[in-house]
J.: 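What follows is a structure written as structure tokens; I'll ask about it next.
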Amino acid sequence: MMDKAVKIGFLGCGNVGSGVWRLLEGFGRDISHRTGLSFEVKHVLVRDMTKPREIDFPQGVLTDRVEDVIDDPEITIVLEFLGGEEPAHQWMLHALQRGKTVVTANKVAFALYWHELQKAAKETGAGLYYEAAVCGAIPIIHSLDESLQANRISRIYGIVNGTTNYILTRMSKDGSAYEDVLAEAQRLGLAEPDPASDVEGLDAAYKLSILASLAFHGRVPFDNVFVEGITRVQSEDIRCGQELGYTLKLLAIAKRDGLRVETRVHPTFIKNEHPLANISGAFNAVFLYGHACGEMMFMGRGAGDMPTASAIVSDLVRAASTNHHLYPTFENAECPAIALQKNTDWHCPFYVRMLAYDKPGVLSKIAQTFADHGVSIAAMQQKGDKLNGRVTLVFITHSASEENMQLAICKIGEEIATVESIIRVEQD
Ligand code: HSE
């Protein structure tokens, strides 16, 4: 095995960057023994050079000048841990244009600028690696890119956000309210002080845009992903769903049927027997279907310094082991060969909970409104006691059009019932 010394640079050194440093420090010898590669971190870009740090960086490594990383001719691989859109996008682009390979954990900048970054990488022959951008330690990118090459993948169901899976798991197990679980998760450091990107589903949507693009070999832009977060989920619905044999998850769903592609992130009821129903706490999982491999599920830690460092260092080793980097191809790179669904144009069964007046004719009016919009009822339950003249009705519909369902709900007048919640169901 040929020994090769590789000089690398870090853009940022927060939790993930520190995890990568520690992993290289503690495990670099093993990697070197296995691969013949040794890595030297030449520069680490930080915002504040005076900030106290747990890592004792050697003299001259820390810098607050980005040029020391992206313009240094000795640095051949740049690891990006800044997160967010800018300046990460511009700095990655700059590095690629100078022929430096980029390894990134940044789903936002990558999902939004994939085409531009890949074009720059191809022009200079640099590599672009992003395993850590989706589901942390789970090797789903490499699996889609290489190990599942021989498959036409038609379905992906992912639990790709640990924060929301933790919150929904807690709500399901002890019936707590969303706000209480979120506050506790923030106290424990399991949710960000500003949890918007996680709880509103955006984090999952960036990841789904990347996963679906790779799996379907067609670029699915972030804007094409329908997004609804978990902020309106009520424990009462989780409980009603459990009685019907369902578990609630924030699912990232991508389906390809011929040339039609749909991608959506929203709270979803899945059957208790589905393998994803058992993925609890902050774990991530991706369940997919390929025409040759059949069903397959990946499960693991989607966040955290060391799990994310695991993906980054593996990408680093892969990048440093080759001079011939590979790039995914897309059917719609130049023209839209795949038809992306208008982002509310799909069919699925629905769970609907209403508070309805308990008097003659109410049920038939609701059923007629559903029927007028092509929505067929599969099951209905009246629950609990009458309160202020109203009772709880829970409907499960057969598969219906999302748009028709929303129209039907608007047509149910308040003198009949108020719709308290609608949750989409996946029966696969
Ligand atoms: N905030 C994400 C999560 C991890 O909760 O899964 C980083 O993408």
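Read the numbers this way: they start at 1 and go in the same order the structure lists the ligands and their atoms.
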J.: Going from CG on Leu24 to CZ on Phe10, what distance comes out if it is rounded to the nearest 0.5 angstrom?
T.: 5.5 Å
J.: Yes or no on salt bridge (Lys or Arg N to Asp or Glu O under 4.0 Å) for Glu123 and Lys119, after CA distance, side-chain angles and deciding distance?
T.: CA-CA 6 Å; Glu123 277 167 11; Lys119 186 163 174 280; 3.5 Å; yes
J.: Examine the proximity of ligand 1 to Asp203 and report which part, side chain or backbone, both or neither, has a heavy atom under 4.0 Å away.
T.: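 For Asp203, only side-chain atoms sit under 4.0 Å from ligand 1.
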J.: Any side-chain heavy atom of His266 within less than 4.5 Å of one from Phe226?
T.: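 Result yes, sub-4.5 Å side-chain heavy-atom pair found.
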J.: Between Asp257 and Arg260 (salt bridge meaning N to carboxylate O under 4.0 Å), is one present in this structure?
T.: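 Looking at Asp257 and Arg260, the cut-off is not met.
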J.: Do Leu248 and Asp237 come within less than 4.5 Å of each other through their side chains, counting heavy atoms only?
T.: no
J.: Would you mind running through ligand 1 and noting each atom that sits below 4.0 Å from a heavy atom of Lys207?
T.: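 Contacts of ligand 1 toward Lys207, numbered from 1: 2 (C), 4 (C), 6 (O), 7 (C), 8 (O).
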J.: If we set the cut-off at 4.0 Å for heavy atoms, which region of Thr163 has an atom near ligand 1: side chain, backbone, both, or neither?
T.: both
J.: Using a strict 4.0 Å cut-off to heavy atoms of Ala303, name the atoms of ligand 1 that fall inside it.
T.: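 Heavy-atom distances to Ala303 below 4.0 Å select 4 (C).
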J.: N/O of Asn284 under 3.5 Å from N/O of ligand 1, yes or no?
T.: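 Not met; the criterion fails.
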J.: Salt bridge or not between Glu262 and Arg264? Use side-chain N to carboxylate O under 4.0 Å.
T.: yes
J.: Could you tell me which atoms of ligand 1, counted from 1 in the order shown, lie closer than 4.0 angstrom to a heavy atom of Gly162?
T.: 3 (C), 5 (O), 6 (O)
J.: Heavy atoms only: which of Arg301, Lys107, Glu192 lies closest to atom 7 (C) of ligand 1?
T.: Lys107
